[in-house]
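Only heavy atoms go into these numbers, but all of them, side chains included; no hydrogens, no water, no symmetry mates.
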Amino acid sequence: MKPSLDYMGYALILLLLVFAAPLLGQTSDAKKPDPTKVSGNIAAATPAYAELLLRKTELLSELESLVIEYTNDFPRVKEIRYALALIERDFGRIGRVKPADSGKLTLALGKLMVRKVELESDLWKLQGNYKDEHPDVKRAKRRVEIYETAVSEILN
């Protein structure tokens, strides 16, 4: 049995829509991807990136639940925003790793970076309450330095 002309017409239209749909959505003012973002980089497919993304997602989730009831001046909201900024900094840092060195971006590195962000947040909170000469601040700074040394050793 021969397909009817109407059936062939519909099939042709469907094929055109399927294959042309991505092209139809592109216009001259379409937002182009930002080359500085990690997602277009090989680093986005690494365990270190995934570990940072997991922590970022956890923090964003907590932040969303807090901003429903609290203002941006609430201490935990400020702390989460600070930690998110630190994670974005680290995304940029792993995004600058050359593709040939992407083997350095291991799960262990991701865990080191996440822990360093936590320690930096703790230090930030302590510095809000105490002077830099305070023993707790000094200890917190030293912990951050130790983790930074480990991260730098892997990345450099």
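- When side chains are defined from C-beta on, Arg76 counts as touching Leu66, because their heavy atoms get closer than 4.5 Å.
- Here CD1 of Ile42 is found 12.0 Å from CG of Asp101. Values are rounded to the nearest 0.5 Å.
- Residues Tyr130 and Leu123 are members of one and the same hydrophobic cluster, defined by side-chain heavy-atom contacts under 4.5 angstrom among Ile, Leu, Val, Met, Phe, Trp and Tyr.
- Atom CZ of Phe74 sits about 9.0 Å away from atom CD1 of Ile80, to the nearest 0.5 Å.
- A distance of 12.0 Å separates CD1 of Ile94 from CD1 of Ile154, quoted to the nearest 0.5 Å.
- Side-chain contact between Leu86 and Arg89: present, with at least one pair of heavy atoms (C-beta onward) separated by less than 4.5 Å.
- Under a hydrophobic-cluster definition in which Ile, Leu, Val, Met, Phe, Trp and Tyr are linked whenever side-chain heavy atoms come within less than 4.5 Å, directly or via other members, Leu54 and Leu60 are assigned to different clusters.
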- request: Might you work through the side chain to side chain contact (heavy atoms under 4.5 Å, CB included) test for Arg143 and Asp122, ending with a clear yes or no?
  value: CA-CA 10 Å; Arg143 283 192 297 267; Asp122 291 345; 5.7 Å; no
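- Side-chain contact check for Leu105 versus Leu155: some heavy-atom pair is nearer than 4.5 Å.
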task: Before giving the answer on side chain to side chain contact (heavy atoms under 4.5 Å, CB included), spell out for Val137 and Lys131 the whole-Å C-alpha distance, their side-chain angles and the decisive distance to 0.1 Å.
output: CA-CA 7 Å; Val137 173; Lys131 293 183 179 185; over 6 Å; no
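- Note: Tyr49 and Phe91 have tilted aromatic rings, judged against thresholds of 30 and 60 degrees for the angle between ring planes.
- Comment: Arg93 engages Glu148 in a salt bridge, judged by a side-chain N to carboxylate O separation of less than 4.0 angstrom.
- The minimum heavy-atom distance linking Ile68 with Glu64 is given by the pair CG1-O, 3.4 Å.
- Between the CG atom in Leu84 and the CG atom in Leu63 there is a gap of 6.5 Å [rounded to 0.5 Å].
- Side-chain N or O atoms of Ser152 include none that pairs as donor or acceptor with a backbone N or O of Thr149 at under 3.5 Å.
- Cluster annotation: Tyr82 and Tyr70 are assigned to the same hydrophobic cluster (Ile/Leu/Val/Met/Phe/Trp/Tyr, side-chain heavy-atom contacts under 4.5 Å, transitive).
- For the pair Ala83 and Leu59, the tightest heavy-atom approach, listed with the atom from each and the gap, is CB-CD1, 3.8 Å.
- Listed here is the closest heavy atom pair of Lys78 and Asn72: CG-O, 3.4 Å.
- The local environment of NZ in Lys111 is sparse, with at most 12 non-hydrogen atoms from other residues, nucleotides or ligands closer than 6.0 Å.
- Closest approach of Asn156 and Lys104 over heavy atoms only: O-NZ, 3.7 Å.
- Contact annotation: the side chain of Asp132 approaches that of Lys141 to within less than 4.5 Å [non-hydrogen atoms, C-beta and beyond].
- Panel note: side chain Ser61, backbone Thr57; no donor-acceptor pair is recorded below 3.5 Å.
- Note on Glu51 versus Arg55: no salt bridge recorded, every NZ/NE/NH1/NH2 to OD/OE distance being 4.0 Å or above.
- Scanning both residues, Leu52 and Ile87, for their nearest heavy atoms gives O-CG2, 4.1 Å.
- Summarising the geometry of Val97 relative to Ser102, their closest heavy-atom pair is CG1-N, 4.2 Å, with the distance given to 0.1 Å.
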